[in-house]
Undergrad: 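If you scroll down you'll find the structure; I have some questions about it.
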Amino acid sequence: MVTEQQMQIFQNRGILFLPKLLDPVKVRLASLAILSRAEKNGLWKNDSWQLSNRPDTPVPEAVSKLLGRTNTEDSLGDLCEGIVESIILQLLGGCTYHSPIRNGQILFTLPKADNWNVPYANWHLDIARLPDMGLPGVQFFTFLNQVKPGGGGTLVVAGSHLLLNGNEMIKSKNVRGRLKKWDYFKKLMQPGTSDRLEFLSNPGEVEGHQMQVVEMHGNPADVYLMDMRLIHTISPNTAKVPRIMMTKRYFLKDAYDQVYQD
Ligand SMILES: O=C(O)CCC(=O)C(=O)O
Ligand SMILES: [Fe+2]
């Protein structure tokens, strides 16, 4: 369970960091499952990464191409059973959730980027903004190897869940355009902006709410829980090792039914 103070952080920022939450044995099993896939595909051998012959592609290579279909790995879904799912239920105020992919999704990016910056592209939501709906779901993220700053962890705009809460449905593909009416997001999402690192260090203000780009980084067993209204994006991996994260989405059942069943 989370404390009242942690609950408030989640409500104000839309993102909560819970270090060392997971069972280290389960984390080890999940990491080994991924390493063994990497080994089969020639990316990992004799305890080290073999990445020199991978192409430098502008868009990261697909995870399915590098690791195959990881959704058959039950050790990934096992990570969330127990404590994680009871915390998610608590954050959702006890309401029923639906998590369509039991074993979640692996986020894997090779360390092919030369420069790190806050990207202007690919900011998105995974579920539409729904009318008269508060929190539509919670997304779980963890690390299966150490992910340092600059190492490709997901970026989110903390505070962005407090915007666009009206009586209108806004499809994910239209959310970016709607946010850009505010200067903060216009600057964030346009290529010309200089000093992009400032988005991490200097919070902005939109409609009286504090916005700040937060980079997920941490160690295996550390967890981030994200309000699914937060706009987020992939970031460059300038580390020496691949970024290996696992994510799993827990939709509020009502929200899922509105978007996917109607
Ligand atoms: O690869 C990333 O860090 C972005 C992940 C993402 O958008 C998601 O898991 O919903
Ligand atoms: Fe996403």
Side-chain angles (χ1 to χ4, degrees), residues 14-17 30 34 57-67 69-71 73 76-77 79-80 84 88 97-113 116-130 135-158 160-161 164 170-176 179 185 188-189 199-200 213-218 220 222-239 241-252 255-256 259-260:
I15 181 100
L16 180 64
F17 181 55
I34 298 305
T57 51
V59 176
E61 291 186 87
V63 181
S64 56
K65 187 173 154 207
L66 297 166
L67 300 175
R69 288 170 55 84
T70 56
N71 62 2
E73 298 289 353
L76 300 176
L79 290 174
C80 297
V84 171
I88 286 174
Y97 60 71
H98 177 60
S99 186
I101 308 176
R102 197 253 171 206
N103 295 333
Q105 185 187 346
I106 288 290
L107 306 172
F108 184 86
T109 9
L110 296 178
K112 289 288 178 186
W116 200 92
N117 213 336
V118 173
Y120 64 86
N122 298 321
W123 291 96
H124 70 277
L125 294 183
D126 293 351
I127 182 170
R129 297 300 304 266
L130 297 168
L135 175 67
V138 177
Q139 191 166 346
F140 160 92
F141 295 86
T142 192
F143 309 96
L144 295 180
N145 63 352
Q146 187 187 36
V147 177
K148 294 184 182 168
T154 309
L155 297 178
V156 306
V157 181
S160 56
H161 63 306
L164 305 178
I170 310 170
K171 290 187 177 162
S172 315
K173 66 172 188 206
N174 297 330
V175 164
R176 236 187 309 194
L179 287 172
F185 289 98
L188 179 67
M189 296 174 187
F199 286 107
L200 290 168
V213 175
V214 173
E215 180 187 11
M216 294 187 195
H217 56 83
D222 293 348
V223 167
Y224 283 90
L225 297 177
M226 182 188 85
D227 181 320
M228 291 191 74
R229 290 172 293 178
L230 283 203
I231 191 113
H232 60 281
T233 191
I234 187 170
S235 76
N237 181 0
T238 53
V241 293
R243 179 277 296 244
I244 316 178
M245 291 174 68
M246 186 285 214
T247 188
K248 184 168 170 178
R249 299 175 183 86
Y250 292 85
F251 298 94
L252 191 71
Y256 187 85
V259 174
Y260 297 102

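One-based numbering, in listed order, for ligands and for the atoms of each. For reference, positions follow the sequence shown, starting with 1.
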Undergrad: Is there side-chain contact between Asp227 and Pro136, with at least one heavy-atom pair below 4.5 Å?
TA: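 Touching, per the 4.5 Å side-chain cut-off.
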Undergrad: Are a donor atom and an acceptor atom from the side chains of Asn122 and His124 found within less than 3.5 Å of each other?
TA: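 No, because no side-chain N or O of Asn122 sits under 3.5 Å from a partner of the opposite role on His124.
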Undergrad: Only one of Tyr97, Tyr256, Phe140 forms a ring-ring contact (aromatic ring centres under 6.0 Å, His included) with Phe251, so which one is it?
TA: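 When ring-ring contact (aromatic ring centres under 6.0 Å, His included) is applied between Phe251 and each of Tyr97, Tyr256, Phe140, only Tyr256 qualifies.
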Undergrad: Answer whether the closest heavy-atom distance between the side chains of Trp123 and Val213 falls below 4.5 Å.
TA: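 Side chain of Trp123 against side chain of Val213, heavy atoms only: contact under 4.5 Å found.
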Undergrad: Heavy-atom contacts under 4.0 Å between Lys248 and ligand 1: side chain, backbone, both, or neither?
TA: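 For Lys248, there is no contact with ligand 1 at all, from either part.
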Undergrad: Looking at ligand 1, does Gln105 have a heavy atom less than 4.0 Å from it?
TA: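 No, Gln105 has no heavy atoms under 4.0 Å from ligand 1.
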Undergrad: If you stand at the Fe ion (ligand 2) and look out to OD1 of Asp126 and NE2 of His124, what angle do those two lines make, to 10°?
TA: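 Rounded to 10°, it measures 80°.
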Undergrad: Answer with side chain, backbone, both or neither: which part of Gln139 has a heavy atom less than 4.0 angstrom from an atom of ligand 1?
TA: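 It is the side chain that touches ligand 1; the backbone stays farther off.
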Undergrad: Please report whether ligand 1 has a polar contact with Arg243, defined as an N or O pair separated by less than 3.5 Å (distance criterion only).
TA: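 Yes; the residue has a nitrogen or oxygen that sits under 3.5 Å from a nitrogen or oxygen of the ligand.
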Undergrad: Which of the numbered atoms in ligand 1 are below 4.0 angstrom from a heavy atom of Thr247?
TA: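 In order of number, 9 (O).
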Undergrad: Pairs of nitrogen or oxygen atoms closer than 3.5 Å, one from His232 and one from ligand 1: do any exist?
TA: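 Yes, His232 has an N/O under 3.5 Å of an N/O on ligand 1.
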Undergrad: Between Met245 and ligand 1, which part of the residue brings a heavy atom under 4.0 Å of the ligand: side chain, backbone, both or neither?
TA: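 Near ligand 1, Met245 shows nothing, with every heavy atom at 4.0 Å or more.
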Undergrad: Is there a side-chain contact between Leu252 and Leu135, using heavy atoms and a 4.5 Å cut-off?
TA: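 No, their side chains stay 4.5 Å or more apart.
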Undergrad: Need the ligand 1 atom indices (1-based, order shown) with element for anything under 4.0 Å from a heavy-atom of His124.
TA: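 Going through ligand 1 atom by atom, the ones under 4.0 Å from His124 are 7 (O).
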Undergrad: Any idea which atoms of ligand 1 are less than 4.0 Å away from a heavy-atom of Asp126?
TA: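 The atoms of ligand 1 under 4.0 Å from a heavy atom of Asp126 are 8 (C), 10 (O).
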Undergrad: Contact between Val156 and Tyr224 at the side-chain level, heavy atoms closer than 4.5 Å - yes or no?
TA: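 Sidechains of Tyr224 and Val156: no contact.
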Undergrad: Test your reading of the structure: does Thr154 have an N or O sitting under 3.5 Å from an N or O of ligand 1?
TA: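 Looking only at distances, the answer is yes, because the N/O contact criterion of under 3.5 Å is met.
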Undergrad: Compare all side-chain heavy atoms of Arg243 with those of Ile234 and state whether any distance is below 4.5 angstrom.
TA: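 In contact.
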Undergrad: Does Phe17 have more than 12 heavy atoms from other residues, nucleotides or ligands lying within 6.0 Å of its CZ?
TA: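 Yes, CZ of Phe17 has more than 12 neighbouring heavy atoms, counting only those of other groups under 6.0 Å.
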Undergrad: Check for me whether Met216 has a heavy atom closer than 4.0 Å to any atom of ligand 1.
TA: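 Checking ligand 1 against Met216, which is what was asked, there is no heavy-atom contact under 4.0 Å.
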